[in-house]
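Single-structure report; data block below.
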Amino acid sequence: MTKEEIFGYEPDPKYKKAVAYFSMEFAIDQALKIYSGGLGFLAGSHMRSAYELKQNLIGIGMLWKYGYYDQSREVNASMKPIFVEKGYSFIQDTGIMFTVPVHDSPVYVRAFLLHPQTFGSAPIFLLTTNLNENDEQSRSISYRLYDSTESTRIAQSIILGVGGAMLIDKLGLNIDIYHMNEGHSLPLNFYLYSKFKNIEEVKKRVVFTTHTPEAAGNEEHNYDLLKKMSFFCGLEVDDVKKLLNIDNYGLNYTLAALKFAKRANGVSKLHGEVAREMWDHNPGICEITSITNAQNKTYWKDDELEKALVANDDKAIVARKKEMKRQLFKVVADQCGKIFDENILTIVWARRYAGYKRADLMMYDWDRFIKLVYSSDMQVQLIWAGKPYPEDYGAIEQFNQIIHRVWPFANCAVLTGYELALSALLKKGSDVWLNNPRMYREASGTSGMTAAMNGSINLSLPDGWVPEFAKDKENSFVIQPGDDSLPYHEKDMKESQNLMDIIDNVARPMYYKNQKKWLSIIKKAAADVAPAFDSGRMADEYYREMYNY
């Protein structure tokens, strides 16, 4: 394939360096189910803005047969993950097939192309092993995003990293920069080292974005297993340890990536600080800067609300917001059999589900929660949505507890199917976007950006991107964190109390009794969130701070 066939447009000379962006997931469109959560949403917005800016950038990802999973319900309404084969007529079979060594055996890989014009994104190549030429074990490598079987998970990284690099060579593309979005594509570096035989030559070409703000959450596997899986592209374990000056029991993907890259970044200023604190004691790592995540406003904004905001037309803002709430409430009625009212304050908690994100923080003081739910004065409606990892049984149990605890309440709903389409409806249909993770655990938290673009006020702890944006009671509501010295339980209880105080004493009275102030916060948030947190800024900043570094 020629470069013209791949892009369909002439890249802007401003972005002349050729970049390959490796990511395990891309959230480009609801129809293409190859993502799980925030990492994919971020990558999707990056690809959309790269297209809008006409950057010389391609994406490298995986074509997952079953996607992540489809979120359904058991007979008692509990969450149920199901795996359904997907098919996509809108991606092009490039006809390129080659083999990648996995466990010292050749695994056939085929490349498909998502054209820029299909969804308005930079070109993305998607790799699959689901081919008749492979045995079932090899085919299963590209079945499920983040497969829970360790050897399959490692094989997925090999196909993404090594397979992606091999595809680039077969296409004859002269790539200047290989960008690893998280550490999943780490084998890419060993492939490059096998070509250049010099780590400095690898460092000239590799940049790395880390998204995980705690050491335990970064992927790590035993050296011997990685060697058996052909992870190191022919290098012996001792040679890898010597090359990277890492002599631990297992290879930490993030630490290795920090040693291969010329520069790395955290995804908010606060996360950059956390990442440096986590990794700076390791000799030989690259500089860790920060480039704050962002979301593509063109994709996420509601055009009618945008017109009303630009015109500063309060009446039109209120009218459009109510219409967007009605659209969301159709889904609530369909899924939960509950009729919500567009005139009632609606608070939404929705994101990739994990324990540290504390979806149930409002419920820590159950008596106070019941009082809120049953309040006849200044009523509220509450909605939860999110996808736990399908094997994270603790998170699933907590999610199900929320489902069953709020089942009797007509003004509380838990929705399933949290993907791009539902995410957009929730952001457009909410009045308040709730984000209450344990502090320093949220690397960025981009969902609040798109909420602010759609007239939903962020109610958040000052974690991730929030300290760079939030002005309490001007463009958001900020939850006061508990003292870091407190035990988890006490800190959780204190932050739950602080959250409920804002809902009871600030948000509810303002929504019902001071509409002018409420609208001023909506308008200020919309003005502050873009362009600062539009992914056009982010995509341009990556070229300036990482690719041209």
Trace of the side chain to side chain contact (heavy atoms under 4.5 Å, CB included) decision for W518 with L345: CA-CA 11 Å; W518 187 271; L345 176 65; 3.7 Å; yes
Evaluation steps, ring-ring contact (aromatic ring centres under 6.0 Å, His included), between F208 and H179: CA-CA 6 Å; F208 170 55; H179 181 173; 8.7 Å; no
Flag for N454-S456: side-chain donor and acceptor within less than 3.5 Å: no
Residue pair T450 / Q295, side-chain donor-acceptor N/O under 3.5 Å: no
Y146 and E25: side chain donor to acceptor below 3.5 Å: yes
Sidechain-backbone polar pair: N475 side chain, F469 backbone, donor-acceptor under 3.5 Å: yes
Chi angles and distances behind the salt bridge (charged side-chain N to carboxylate O under 4.0 Å, His left out) call for D314, K516: CA-CA 8 Å; D314 287 357; K516 184 176 180 181; over 6 Å; no
Ring centres under 6.0 angstrom apart (W64, Y68): no
SB check E474 K524 (cutoff 4.0 Å): no
Under 3.5 Å side-chain donor-acceptor pair for K371 and S375: no
Any donor-acceptor N or O pair under 3.5 Å, side chains E52, N296: yes
E219 and H221 side chains, donor-acceptor separation under 3.5 Å: yes
Worked check of salt bridge (charged side-chain N to carboxylate O under 4.0 Å, His left out) between E391 and R144: CA-CA 12 Å; E391 281 84 23; R144 293 170 51 178; 2.7 Å; yes
Salt bridge (charged side-chain N to carboxylate O under 4.0 Å, His left out) assessment of E150 paired with R153: CA-CA 5 Å; E150 184 179 20; R153 181 77 167 262; over 6 Å; no
4.5 Å side-chain heavy-atom contact, E442 and K357: yes
Working for side chain to side chain contact (heavy atoms under 4.5 Å, CB included), residues S268 and E468: CA-CA 8 Å; S268 67; E468 300 170 50; 3.5 Å; yes
4.5 Å side-chain heavy-atom contact, I288 and L258: yes
Salt bridge flag under 4.0 Å for residues R320 and D302: yes
Any side-chain donor near an acceptor of the partner, S45 and Y299, under 3.5 Å: no
Short side-chain donor-acceptor distance under 3.5 Å, N222 and Y249: yes
side-chain hydrogen bond (donor to acceptor under 3.5 Å, both in side chains) between Y512 and D377, worked out: CA-CA 10 Å; Y512 287 106; D377 180 38; over 6 Å; no
Pair W433-R351, side chain to side chain contact (heavy atoms under 4.5 Å, CB included): steps then yes or no: CA-CA 10 Å; W433 191 259; R351 53 196 19 88; 3.3 Å; yes
Residue pair Y35 / I28, side-chain heavy-atom distance below 4.5 Å: no
Short side-chain donor-acceptor distance under 3.5 Å, S496 and R358: no
Side-chain donor-acceptor pair present, S78, H404, cut-off under 3.5 Å: yes
Test item: side-chain donor near acceptor, N265 and Y542, under 3.5 Å: yes
